[in-house]
**Student:** 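The structure under discussion is supplied below as C-alpha coordinates; questions concerning it will follow.
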Amino acid sequence: MPDENKKELRADMLFEIVKAKYGDRLTDEQLEEVRNGVDGVEGLAAELRKVRLTNAVEPFANFQPFRGADNDE
Amino acid sequence: MNNDLVFTPIRQLAELLKSRQISPIQLSEIFLDRLEQRGPSYNALTTLTRERASRQAEQAEREISAGDYKGPLHGIPWGAKDLLATSDGIPTSWGAAPLKDQTFDFDATVVRRLEEAGAVLAGKLAMIELAGGMGYRQPTATFTGPPRNPWNRETWTGGSSAGSGAAVAAGLVPFAIGSETWGSILSPANNCGLAGLRPTYGRVSRYGAMALCWTLDKLGPLGLTADDCGLVLEAIAGPDPDDPTAADMTFAYDDSPTEGRRFKIGVLKDVADGAEEPVRENFEKALAAISEVADVEEMEFPDYPYVAAIRTILNVESAAAFEDFIEEGTAAELTAPEDHYGPYARTSVLATDYVKALRIRGVMSREVDGVMSKYDAIAAPTSPRVASPIDEEFRKASPSPGPGDLMGAIGNGCGLPSISVPSGFSDAGLPTGIQFMGRPYQENTILAIARAYQAMTAWHTRHPEDALEG
(Lines give C-alpha, C1' and ligand atoms only; values in the text may rest on other atoms or scores of the structure.)
Protein backbone atom coordinates (compact mmCIF):
# COMPACT_ATOMS: atom_id res chain seq x y z
CA MET A 1 0.00 0.00 0.00
CA PRO A 2 1.41 3.45 -0.89
CA ASP A 3 2.65 5.49 2.09
CA GLU A 4 0.03 8.19 1.58
CA ASN A 5 -2.77 5.63 1.79
CA LYS A 6 -1.23 4.07 4.89
CA LYS A 7 -1.03 7.49 6.50
CA GLU A 8 -4.69 8.19 5.78
CA LEU A 9 -5.74 4.77 7.04
CA ARG A 10 -3.85 5.30 10.28
CA ALA A 11 -5.40 8.74 10.69
CA ASP A 12 -8.85 7.23 10.06
CA MET A 13 -8.30 4.64 12.79
CA LEU A 14 -6.82 7.09 15.27
CA PHE A 15 -9.69 9.51 14.69
CA GLU A 16 -12.21 6.73 15.32
CA ILE A 17 -10.59 6.07 18.69
CA VAL A 18 -10.75 9.76 19.63
CA LYS A 19 -14.33 9.96 18.40
CA ALA A 20 -15.34 6.88 20.39
CA LYS A 21 -13.84 8.36 23.55
CA TYR A 22 -14.98 11.96 23.28
CA GLY A 23 -17.35 12.24 20.33
CA ASP A 24 -20.47 12.49 22.47
CA ARG A 25 -19.41 15.87 23.79
CA LEU A 26 -18.35 17.43 20.48
CA THR A 27 -20.42 18.96 17.68
CA ASP A 28 -20.01 17.87 14.08
CA GLU A 29 -18.02 21.04 13.37
CA GLN A 30 -15.75 20.40 16.33
CA LEU A 31 -15.27 16.79 15.25
CA GLU A 32 -14.18 18.03 11.84
CA GLU A 33 -11.56 20.21 13.52
CA VAL A 34 -10.45 17.23 15.64
CA ARG A 35 -10.15 15.19 12.46
CA ASN A 36 -7.90 17.92 10.99
CA GLY A 37 -5.91 17.82 14.20
CA VAL A 38 -5.45 14.05 13.98
CA ASP A 39 -4.27 14.44 10.38
CA GLY A 40 -1.73 16.95 11.68
CA VAL A 41 -0.56 14.61 14.42
CA GLU A 42 -0.17 11.81 11.89
CA GLY A 43 1.72 14.16 9.56
CA LEU A 44 4.22 14.96 12.32
CA ALA A 45 4.60 11.27 13.12
CA ALA A 46 5.26 10.46 9.46
CA GLU A 47 8.19 12.89 9.50
CA LEU A 48 9.59 11.26 12.63
CA ARG A 49 9.28 7.76 11.20
CA LYS A 50 11.49 8.74 8.26
CA VAL A 51 14.45 9.24 10.62
CA ARG A 52 16.47 6.06 11.03
CA LEU A 53 18.09 5.60 14.44
CA THR A 54 20.29 2.79 15.68
CA ASN A 55 19.19 0.59 18.55
CA ALA A 56 21.59 2.37 20.92
CA VAL A 57 19.96 5.79 20.61
CA GLU A 58 18.08 6.34 23.85
CA PRO A 59 15.23 8.76 24.60
CA PHE A 60 16.59 12.08 25.80
CA ALA A 61 14.79 12.05 29.11
CA ASN A 62 16.70 11.26 32.25
CA PHE A 63 15.09 9.01 34.80
CA GLN A 64 16.80 8.74 38.12
CA PRO A 65 15.73 6.39 40.89
CA PHE A 66 14.28 8.34 43.78
CA ARG A 67 16.79 8.70 46.59
CA GLY A 68 15.12 9.44 49.91
CA ALA A 69 16.58 11.97 52.33
CA ASP A 70 17.50 9.14 54.74
CA ASN A 71 19.39 7.22 52.04
CA ASP A 72 22.99 8.32 52.61
CA GLU A 73 24.75 5.28 51.18
CA MET B 1 9.38 62.42 38.50
CA ASN B 2 7.01 59.45 38.41
CA ASN B 3 7.43 58.85 34.67
CA ASP B 4 11.19 59.00 35.04
CA LEU B 5 11.01 56.35 37.72
CA VAL B 6 8.50 54.28 35.78
CA PHE B 7 10.76 53.67 32.84
CA THR B 8 13.98 53.45 34.81
CA PRO B 9 15.97 50.22 34.49
CA ILE B 10 16.44 48.14 37.64
CA ARG B 11 20.09 49.08 38.18
CA GLN B 12 19.25 52.80 38.40
CA LEU B 13 16.18 52.20 40.55
CA ALA B 14 18.36 50.12 42.85
CA GLU B 15 20.84 52.99 43.24
CA LEU B 16 18.00 55.34 44.17
CA LEU B 17 16.68 52.85 46.72
CA LYS B 18 20.05 51.99 48.17
CA SER B 19 20.99 55.65 48.55
CA ARG B 20 17.53 56.28 50.03
CA GLN B 21 16.62 58.93 47.47
CA ILE B 22 13.38 57.04 47.15
CA SER B 23 11.80 54.56 49.52
CA PRO B 24 10.47 51.10 48.66
CA ILE B 25 7.06 52.19 49.91
CA GLN B 26 6.99 55.22 47.59
CA LEU B 27 8.15 53.15 44.66
CA SER B 28 5.68 50.34 45.24
CA GLU B 29 2.80 52.82 45.57
CA ILE B 30 3.67 54.33 42.18
CA PHE B 31 3.55 50.95 40.48
CA LEU B 32 0.57 49.61 42.44
CA ASP B 33 -1.42 52.68 41.43
CA ARG B 34 -0.38 52.35 37.81
CA LEU B 35 -1.25 48.66 37.80
CA GLU B 36 -4.63 49.35 39.35
CA GLN B 37 -5.50 52.34 37.17
CA ARG B 38 -3.99 51.33 33.85
CA GLY B 39 -3.70 47.55 34.02
CA PRO B 40 -7.36 46.92 33.08
CA SER B 41 -7.11 49.06 29.93
CA TYR B 42 -4.53 46.60 28.61
CA ASN B 43 -6.23 43.53 30.14
CA ALA B 44 -2.84 42.99 31.75
CA LEU B 45 -3.80 42.40 35.35
CA THR B 46 -5.43 39.42 37.01
CA THR B 47 -4.98 40.31 40.67
CA LEU B 48 -3.48 43.36 42.34
CA THR B 49 -1.50 42.15 45.37
CA ARG B 50 -1.47 45.46 47.24
CA GLU B 51 -1.59 43.98 50.73
CA ARG B 52 1.35 41.68 50.16
CA ALA B 53 3.25 44.40 48.29
CA SER B 54 2.75 46.87 51.14
CA ARG B 55 4.03 44.34 53.65
CA GLN B 56 7.09 43.54 51.54
CA ALA B 57 7.78 47.22 50.79
CA GLU B 58 7.58 48.12 54.48
CA GLN B 59 10.00 45.32 55.30
CA ALA B 60 12.36 46.46 52.55
CA GLU B 61 12.20 50.00 53.92
CA ARG B 62 13.10 48.82 57.41
CA GLU B 63 15.95 46.68 56.14
CA ILE B 64 17.46 49.31 53.85
CA SER B 65 17.16 51.96 56.55
CA ALA B 66 18.99 49.62 58.91
CA GLY B 67 21.79 49.15 56.38
CA ASP B 68 20.75 45.61 55.54
CA TYR B 69 20.75 46.02 51.77
CA LYS B 70 20.12 42.72 49.98
CA GLY B 71 21.06 43.70 46.43
CA PRO B 72 19.68 45.20 43.22
CA LEU B 73 16.15 43.78 43.53
CA HIS B 74 15.65 45.00 47.08
CA GLY B 75 12.52 47.13 47.07
CA ILE B 76 11.84 46.68 43.33
CA PRO B 77 8.21 45.91 42.42
CA TRP B 78 7.49 43.10 39.99
CA GLY B 79 4.63 41.16 38.42
CA ALA B 80 4.12 37.40 38.21
CA LYS B 81 2.53 35.57 35.31
CA ASP B 82 -0.58 34.09 36.85
CA LEU B 83 0.67 30.53 36.63
CA LEU B 84 3.05 30.97 39.57
CA ALA B 85 1.58 29.71 42.82
CA THR B 86 1.18 32.35 45.52
CA SER B 87 0.07 31.91 49.12
CA ASP B 88 -1.89 34.44 51.22
CA GLY B 89 -5.13 33.55 49.42
CA ILE B 90 -3.98 35.28 46.24
CA PRO B 91 -5.66 33.46 43.33
CA THR B 92 -3.59 31.68 40.69
CA SER B 93 -5.89 31.30 37.72
CA TRP B 94 -3.60 29.90 35.02
CA GLY B 95 -5.57 32.30 32.80
CA ALA B 96 -8.48 29.86 32.75
CA ALA B 97 -12.06 30.76 33.66
CA PRO B 98 -12.76 27.44 35.44
CA LEU B 99 -9.77 28.10 37.72
CA LYS B 100 -10.18 31.83 38.33
CA ASP B 101 -10.58 31.30 42.09
CA GLN B 102 -7.88 28.62 42.45
CA THR B 103 -5.53 29.19 45.38
CA PHE B 104 -2.42 27.54 46.75
CA ASP B 105 -0.99 27.49 50.24
CA PHE B 106 2.60 27.93 49.14
CA ASP B 107 4.71 30.18 46.95
CA ALA B 108 6.40 28.98 43.78
CA THR B 109 10.16 28.80 44.19
CA VAL B 110 10.60 31.80 41.89
CA VAL B 111 8.17 33.85 44.00
CA ARG B 112 9.99 32.83 47.16
CA ARG B 113 13.42 33.61 45.72
CA LEU B 114 12.35 37.06 44.61
CA GLU B 115 10.94 37.70 48.06
CA GLU B 116 14.26 36.60 49.57
CA ALA B 117 15.98 39.09 47.23
CA GLY B 118 13.74 41.81 48.64
CA ALA B 119 11.55 42.30 45.55
CA VAL B 120 7.96 43.44 46.00
CA LEU B 121 5.16 41.42 44.37
CA ALA B 122 2.77 44.02 42.97
CA GLY B 123 0.41 41.84 40.97
CA LYS B 124 -0.46 38.63 39.19
CA LEU B 125 -0.47 39.23 35.46
CA ALA B 126 -2.85 38.02 32.81
CA MET B 127 -1.95 35.17 30.51
CA ILE B 128 -3.39 33.06 27.74
CA GLU B 129 -5.47 30.27 29.26
CA LEU B 130 -3.34 27.31 30.32
CA ALA B 131 -0.39 29.05 28.62
CA GLY B 132 -1.82 28.10 25.26
CA GLY B 133 -1.75 24.42 26.11
CA MET B 134 -5.03 23.76 24.36
CA GLY B 135 -3.84 25.06 20.99
CA TYR B 136 -5.31 28.60 21.00
CA ARG B 137 -5.24 30.62 17.81
CA GLN B 138 -6.36 34.08 18.92
CA PRO B 139 -5.57 36.76 21.52
CA THR B 140 -9.02 36.44 23.10
CA ALA B 141 -8.07 33.07 24.61
CA THR B 142 -8.19 34.22 28.22
CA PHE B 143 -10.97 35.05 30.65
CA THR B 144 -9.39 38.43 31.42
CA GLY B 145 -9.95 39.71 27.87
CA PRO B 146 -7.55 40.04 24.95
CA PRO B 147 -4.22 41.41 26.19
CA ARG B 148 -3.72 44.78 24.49
CA ASN B 149 -0.32 45.97 23.34
CA PRO B 150 0.70 49.33 24.88
CA TRP B 151 2.22 50.34 21.53
CA ASN B 152 -1.19 50.05 19.90
CA ARG B 153 -4.15 48.73 21.83
CA GLU B 154 -5.68 47.32 18.68
CA THR B 155 -2.80 44.88 18.41
CA TRP B 156 -1.92 42.10 20.78
CA THR B 157 0.96 41.61 23.12
CA GLY B 158 2.03 38.18 22.00
CA GLY B 159 1.65 35.26 24.33
CA SER B 160 1.25 33.37 26.39
CA SER B 161 3.04 35.67 28.89
CA ALA B 162 0.78 38.42 27.59
CA GLY B 163 0.15 40.45 30.75
CA SER B 164 3.84 40.21 31.63
CA GLY B 165 4.68 41.87 28.31
CA ALA B 166 1.96 44.52 28.50
CA ALA B 167 2.69 45.41 32.13
CA VAL B 168 6.41 46.02 31.62
CA ALA B 169 5.92 47.86 28.30
CA ALA B 170 3.29 50.14 29.86
CA GLY B 171 5.45 50.87 32.88
CA LEU B 172 3.12 49.10 35.31
CA VAL B 173 5.98 47.10 36.83
CA PRO B 174 9.76 47.36 36.34
CA PHE B 175 10.00 43.66 35.47
CA ALA B 176 7.87 40.56 35.24
CA ILE B 177 8.32 36.82 35.22
CA GLY B 178 6.94 34.88 32.28
CA SER B 179 7.15 31.30 31.16
CA GLU B 180 8.06 29.76 27.84
CA THR B 181 7.32 26.34 26.47
CA TRP B 182 7.62 27.48 22.87
CA GLY B 183 7.73 31.24 22.31
CA SER B 184 5.85 32.54 25.33
CA ILE B 185 8.61 34.84 26.62
CA LEU B 186 10.19 35.82 23.31
CA SER B 187 6.87 36.56 21.60
CA PRO B 188 5.69 39.23 24.08
CA ALA B 189 9.24 40.62 24.22
CA ASN B 190 9.08 41.03 20.45
CA ASN B 191 5.58 42.50 20.26
CA CYS B 192 5.98 44.81 23.25
CA GLY B 193 9.51 46.06 22.51
CA LEU B 194 11.11 44.55 25.61
CA ALA B 195 14.07 42.49 26.67
CA GLY B 196 12.93 38.93 27.35
CA LEU B 197 15.21 36.13 28.48
CA ARG B 198 14.36 32.48 28.00
CA PRO B 199 16.87 30.71 30.25
CA THR B 200 18.40 27.31 29.65
CA TYR B 201 15.96 24.52 30.48
CA GLY B 202 16.49 23.66 34.14
CA ARG B 203 18.27 26.92 34.97
CA VAL B 204 15.24 28.15 36.95
CA SER B 205 13.12 25.95 39.18
CA ARG B 206 9.56 25.47 37.97
CA TYR B 207 8.27 24.31 41.32
CA GLY B 208 4.88 25.90 41.86
CA ALA B 209 4.47 26.87 38.23
CA MET B 210 1.66 25.38 36.16
CA ALA B 211 3.01 22.52 34.07
CA LEU B 212 2.24 22.61 30.38
CA CYS B 213 5.05 20.41 29.10
CA TRP B 214 7.47 19.03 31.67
CA THR B 215 10.45 18.72 29.35
CA LEU B 216 10.00 22.11 27.67
CA ASP B 217 8.72 24.58 30.32
CA LYS B 218 11.05 27.41 31.41
CA LEU B 219 10.59 30.51 33.57
CA GLY B 220 12.35 33.78 32.82
CA PRO B 221 12.25 37.57 33.07
CA LEU B 222 10.86 40.32 30.87
CA GLY B 223 12.37 43.75 31.52
CA LEU B 224 13.35 47.03 29.93
CA THR B 225 16.93 45.97 29.20
CA ALA B 226 19.15 42.94 28.88
CA ASP B 227 20.90 44.07 32.07
CA ASP B 228 17.56 43.91 33.90
CA CYS B 229 17.15 40.32 32.74
CA GLY B 230 20.60 39.38 34.01
CA LEU B 231 19.95 40.89 37.42
CA VAL B 232 16.64 39.03 37.74
CA LEU B 233 18.03 35.74 36.46
CA GLU B 234 20.72 35.74 39.13
CA ALA B 235 18.03 36.02 41.80
CA ILE B 236 15.75 33.27 40.49
CA ALA B 237 18.22 30.68 39.14
CA GLY B 238 19.71 27.77 41.03
CA PRO B 239 19.15 24.24 42.25
CA ASP B 240 15.92 23.32 43.97
CA PRO B 241 15.17 19.99 45.66
CA ASP B 242 11.51 20.55 44.83
CA ASP B 243 12.20 20.51 41.09
CA PRO B 244 14.25 17.49 39.97
CA THR B 245 14.90 19.12 36.58
CA ALA B 246 16.52 22.19 38.13
CA ALA B 247 20.23 22.18 37.29
CA ASP B 248 22.59 21.70 40.21
CA MET B 249 24.34 25.02 39.67
CA THR B 250 23.91 28.63 40.65
CA PHE B 251 24.09 31.53 38.22
CA ALA B 252 26.36 34.50 38.86
CA TYR B 253 25.51 37.33 36.48
CA ASP B 254 28.66 38.66 34.80
CA ASP B 255 27.86 42.31 34.15
CA SER B 256 31.43 43.30 33.34
CA PRO B 257 31.80 45.80 30.48
CA THR B 258 31.88 44.32 26.99
CA GLU B 259 34.25 46.95 25.56
CA GLY B 260 37.14 45.32 23.78
CA ARG B 261 35.37 41.99 23.60
CA ARG B 262 34.69 40.54 20.14
CA PHE B 263 31.98 37.98 19.59
CA LYS B 264 31.25 35.45 16.88
CA ILE B 265 27.66 35.31 15.75
CA GLY B 266 26.05 32.85 13.36
CA VAL B 267 23.02 33.72 11.25
CA LEU B 268 20.90 30.86 10.01
CA LYS B 269 20.79 30.86 6.21
CA ASP B 270 17.65 32.55 4.86
CA VAL B 271 16.37 33.10 8.40
CA ALA B 272 14.64 36.37 7.50
CA ASP B 273 13.07 35.08 4.29
CA GLY B 274 9.32 35.28 4.58
CA ALA B 275 9.49 37.82 7.39
CA GLU B 276 7.53 41.03 7.10
CA GLU B 277 9.47 43.85 5.46
CA PRO B 278 10.12 45.96 8.59
CA VAL B 279 11.28 42.86 10.45
CA ARG B 280 13.71 41.94 7.68
CA GLU B 281 14.99 45.51 7.29
CA ASN B 282 15.48 46.03 11.01
CA PHE B 283 17.19 42.67 11.34
CA GLU B 284 19.68 43.58 8.63
CA LYS B 285 20.36 46.91 10.31
CA ALA B 286 20.79 45.17 13.64
CA LEU B 287 23.32 42.77 12.13
CA ALA B 288 25.20 45.71 10.66
CA ALA B 289 25.28 47.35 14.09
CA ILE B 290 26.35 44.23 15.93
CA SER B 291 29.12 43.61 13.41
CA GLU B 292 30.94 46.49 15.14
CA VAL B 293 31.59 44.09 17.99
CA ALA B 294 31.14 40.70 16.37
CA ASP B 295 32.16 38.63 13.40
CA VAL B 296 28.92 37.61 11.73
CA GLU B 297 28.68 34.65 9.38
CA GLU B 298 25.98 32.59 7.75
CA MET B 299 25.49 29.05 9.04
CA GLU B 300 23.11 26.11 8.88
CA PHE B 301 21.88 23.49 11.29
CA PRO B 302 21.90 19.81 10.33
CA ASP B 303 18.71 18.56 8.75
CA TYR B 304 16.32 17.01 11.28
CA PRO B 305 12.54 17.17 11.70
CA TYR B 306 12.92 19.65 14.57
CA VAL B 307 9.42 21.04 14.41
CA ALA B 308 7.80 17.62 14.13
CA ALA B 309 9.78 16.20 17.05
CA ILE B 310 9.15 19.08 19.43
CA ARG B 311 5.53 19.54 18.38
CA THR B 312 4.93 15.83 19.06
CA ILE B 313 6.50 16.11 22.52
CA LEU B 314 4.41 19.20 23.23
CA ASN B 315 1.22 17.49 22.04
CA VAL B 316 1.71 14.46 24.26
CA GLU B 317 2.92 16.17 27.41
CA SER B 318 0.25 18.88 27.28
CA ALA B 319 -2.46 16.26 26.81
CA ALA B 320 -1.08 14.45 29.86
CA ALA B 321 -0.64 17.63 31.92
CA PHE B 322 -4.26 18.61 31.30
CA GLU B 323 -5.70 15.11 31.39
CA ASP B 324 -8.45 16.20 33.78
CA PHE B 325 -9.50 19.03 31.44
CA ILE B 326 -9.78 16.49 28.64
CA GLU B 327 -11.34 13.54 30.46
CA GLU B 328 -13.80 15.58 32.51
CA GLY B 329 -14.71 17.86 29.62
CA THR B 330 -13.62 21.01 31.47
CA ALA B 331 -12.04 22.21 28.23
CA ALA B 332 -15.55 23.24 27.15
CA GLU B 333 -15.53 25.91 29.89
CA LEU B 334 -12.46 27.67 28.50
CA THR B 335 -12.80 31.01 26.73
CA ALA B 336 -11.49 30.36 23.20
CA PRO B 337 -13.78 28.18 21.05
CA GLU B 338 -10.79 26.32 19.61
CA ASP B 339 -9.66 25.36 23.12
CA HIS B 340 -12.95 23.46 23.60
CA TYR B 341 -11.85 20.76 21.14
CA GLY B 342 -8.13 21.52 20.67
CA PRO B 343 -6.70 18.95 23.08
CA TYR B 344 -8.61 15.90 21.83
CA ALA B 345 -6.55 15.26 18.70
CA ARG B 346 -3.43 15.27 20.86
CA THR B 347 -4.57 12.10 22.61
CA SER B 348 -4.10 10.24 19.32
CA VAL B 349 -0.29 10.36 19.33
CA LEU B 350 1.12 6.85 19.50
CA ALA B 351 3.53 6.09 22.35
CA THR B 352 6.19 4.86 19.94
CA ASP B 353 6.05 8.18 18.05
CA TYR B 354 6.50 10.10 21.31
CA VAL B 355 9.52 8.00 22.26
CA LYS B 356 10.89 8.42 18.73
CA ALA B 357 10.60 12.17 19.17
CA LEU B 358 12.53 11.93 22.46
CA ARG B 359 15.24 9.85 20.77
CA ILE B 360 15.55 12.32 17.91
CA ARG B 361 15.72 15.10 20.47
CA GLY B 362 18.89 13.57 21.92
CA VAL B 363 20.54 13.30 18.53
CA MET B 364 19.57 16.80 17.49
CA SER B 365 20.69 18.31 20.81
CA ARG B 366 24.17 16.88 20.39
CA GLU B 367 24.45 17.88 16.75
CA VAL B 368 23.08 21.36 17.31
CA ASP B 369 25.56 21.87 20.14
CA GLY B 370 28.36 20.80 17.83
CA VAL B 371 27.38 23.57 15.41
CA MET B 372 26.81 26.13 18.14
CA SER B 373 30.20 25.45 19.70
CA LYS B 374 31.64 27.55 16.84
CA TYR B 375 29.63 30.61 17.87
CA ASP B 376 28.85 32.78 20.85
CA ALA B 377 25.28 33.06 19.65
CA ILE B 378 22.94 32.52 16.74
CA ALA B 379 21.04 35.68 15.77
CA ALA B 380 17.59 35.74 14.18
CA PRO B 381 14.48 37.89 14.05
CA THR B 382 12.58 37.06 17.23
CA SER B 383 9.39 36.80 15.19
CA PRO B 384 8.80 37.05 11.44
CA ARG B 385 6.12 39.67 12.07
CA VAL B 386 5.14 42.61 14.21
CA ALA B 387 2.17 42.43 16.57
CA SER B 388 -0.95 41.21 14.77
CA PRO B 389 -4.41 42.81 15.09
CA ILE B 390 -6.16 42.07 18.37
CA ASP B 391 -9.22 40.59 16.63
CA GLU B 392 -7.33 38.34 14.23
CA GLU B 393 -6.46 34.67 14.52
CA PHE B 394 -2.68 35.03 14.58
CA ARG B 395 -1.96 31.56 13.27
CA LYS B 396 -4.06 32.24 10.18
CA ALA B 397 -2.65 35.75 9.99
CA SER B 398 0.90 34.49 10.00
CA PRO B 399 2.99 33.72 6.95
CA SER B 400 4.34 30.19 6.49
CA PRO B 401 6.01 28.79 9.64
CA GLY B 402 9.45 29.12 8.03
CA PRO B 403 12.82 29.40 9.70
CA GLY B 404 11.52 31.54 12.57
CA ASP B 405 9.65 28.53 13.78
CA LEU B 406 12.81 26.49 13.27
CA MET B 407 14.63 28.72 15.77
CA GLY B 408 11.79 28.12 18.24
CA ALA B 409 11.84 24.37 17.70
CA ILE B 410 15.61 24.09 18.01
CA GLY B 411 15.89 26.56 20.88
CA ASN B 412 13.14 25.09 22.99
CA GLY B 413 13.72 21.51 21.90
CA CYS B 414 17.39 21.64 22.83
CA GLY B 415 16.74 23.72 25.95
CA LEU B 416 18.87 26.64 24.74
CA PRO B 417 18.82 30.12 26.27
CA SER B 418 17.81 33.04 24.10
CA ILE B 419 17.34 36.74 24.69
CA SER B 420 15.20 39.05 22.60
CA VAL B 421 15.77 42.81 22.52
CA PRO B 422 14.08 45.43 20.35
CA SER B 423 15.65 45.99 16.92
CA GLY B 424 13.51 48.89 15.71
CA PHE B 425 9.96 49.76 14.74
CA SER B 426 7.67 49.40 11.76
CA ASP B 427 6.21 52.45 10.02
CA ALA B 428 3.09 51.82 12.07
CA GLY B 429 5.13 52.20 15.24
CA LEU B 430 5.17 48.54 16.24
CA PRO B 431 8.38 47.05 17.67
CA THR B 432 10.49 44.36 16.03
CA GLY B 433 12.95 42.15 17.88
CA ILE B 434 16.27 40.39 17.43
CA GLN B 435 17.12 37.28 19.41
CA PHE B 436 20.52 35.95 20.39
CA MET B 437 20.41 32.23 21.15
CA GLY B 438 23.28 30.59 22.97
CA ARG B 439 24.60 27.21 24.08
CA PRO B 440 23.14 25.66 27.23
CA TYR B 441 24.07 27.55 30.42
CA GLN B 442 25.76 30.38 28.47
CA GLU B 443 23.31 33.08 29.49
CA ASN B 444 26.21 35.37 30.41
CA THR B 445 27.46 35.29 26.83
CA ILE B 446 24.13 36.14 25.20
CA LEU B 447 23.46 38.78 27.86
CA ALA B 448 26.82 40.37 27.06
CA ILE B 449 26.00 40.42 23.34
CA ALA B 450 22.56 41.91 24.00
CA ARG B 451 24.07 44.54 26.31
CA ALA B 452 26.66 45.41 23.68
CA TYR B 453 23.88 45.80 21.10
CA GLN B 454 21.78 47.93 23.42
CA ALA B 455 24.80 50.11 24.15
CA MET B 456 24.91 50.94 20.43
CA THR B 457 21.18 51.43 19.90
CA ALA B 458 18.41 53.35 21.62
CA TRP B 459 15.30 51.31 20.74
CA HIS B 460 14.93 50.18 24.34
CA THR B 461 14.69 53.79 25.50
CA ARG B 462 11.48 54.39 23.55
CA HIS B 463 8.20 53.88 25.38
CA PRO B 464 4.55 53.87 24.32
CA GLU B 465 3.09 57.37 24.30
CA ASP B 466 -0.07 56.58 26.19
CA ALA B 467 1.97 54.91 28.92
CA LEU B 468 3.86 58.17 29.38
CA GLU B 469 0.72 60.28 29.74
CA GLY B 470 -0.65 61.33 33.10
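All values derive from a computational prediction rather than experimental measurement. Labels below follow one simple rule: chain letters A, B, ... track the order of the sequence lines, proteins then strands, and each chain is numbered from 1.
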**Student:** Do side-chain atoms of B/K356 reach the backbone of A/V51 as a donor and acceptor pair under 3.5 angstrom?
**Tutor:** yes
**Student:** Strictly below 4.0 Å, N to O, side chains only: are B/E393 and B/R137 in salt-bridge contact?
**Tutor:** yes
**Student:** So A/E42 and A/D39, do their side chains get closer than 4.5 Å, heavy atoms only?
**Tutor:** no
**Student:** B/I326 versus chain A, heavy atoms under 4.5 Å apart: side chain, backbone, both or neither?
**Tutor:** both
**Student:** Quick check for you: among A/I17, A/V41, A/T27, which has the greatest number of heavy-atom pairs under 4.5 Å with chain B?
**Tutor:** A/V41
**Student:** Among B/R346, B/E338, B/R311, which has the most heavy-atom pairs under 4.5 Å with chain A?
**Tutor:** B/R311
**Student:** Relative to chain A, which of B/V355, B/L350, B/D353, B/V363 shows the most heavy atom pairs under 4.5 Å?
**Tutor:** B/D353
**Student:** Count the heavy-atom pairs under 4.5 Å between each of B/P343, B/G135, B/S348 and chain A, then report the option with the highest count.
**Tutor:** B/S348
**Student:** Looking only at side-chain N and O atoms, does B/T140 offer a donor or acceptor that is under 3.5 Å from a partner on B/Q138?
**Tutor:** yes
**Student:** Taking every non-hydrogen pair under 4.5 Å, which of A/E47, A/R25, A/R10 racks up the most with chain B?
**Tutor:** A/R25
**Student:** Measure B/V349 against the heavy atoms of chain A and call it side chain, backbone, both or neither at under 4.5 Å.
**Tutor:** both
**Student:** When you check the side-chain N and O atoms of B/R361 and B/T215, is any donor under 3.5 Å from an acceptor?
**Tutor:** yes
**Student:** What part of B/T352 gets within 4.5 angstrom of chain A, counting heavy atoms only: side chain, backbone, both, or neither?
**Tutor:** neither
**Student:** Check A/D12 with A/R35, please: is the shortest side-chain N to carboxylate O separation under 4.0 Å?
**Tutor:** yes
**Student:** What part of A/L26 is in contact with chain B, defined as an atom under 4.5 angstrom from a non-hydrogen atom: side chain, backbone, both or neither?
**Tutor:** side chain
**Student:** Angle class for the B/Y344/A/Y22 ring planes (parallel below 30°, perpendicular above 60°, tilted otherwise)?
**Tutor:** tilted
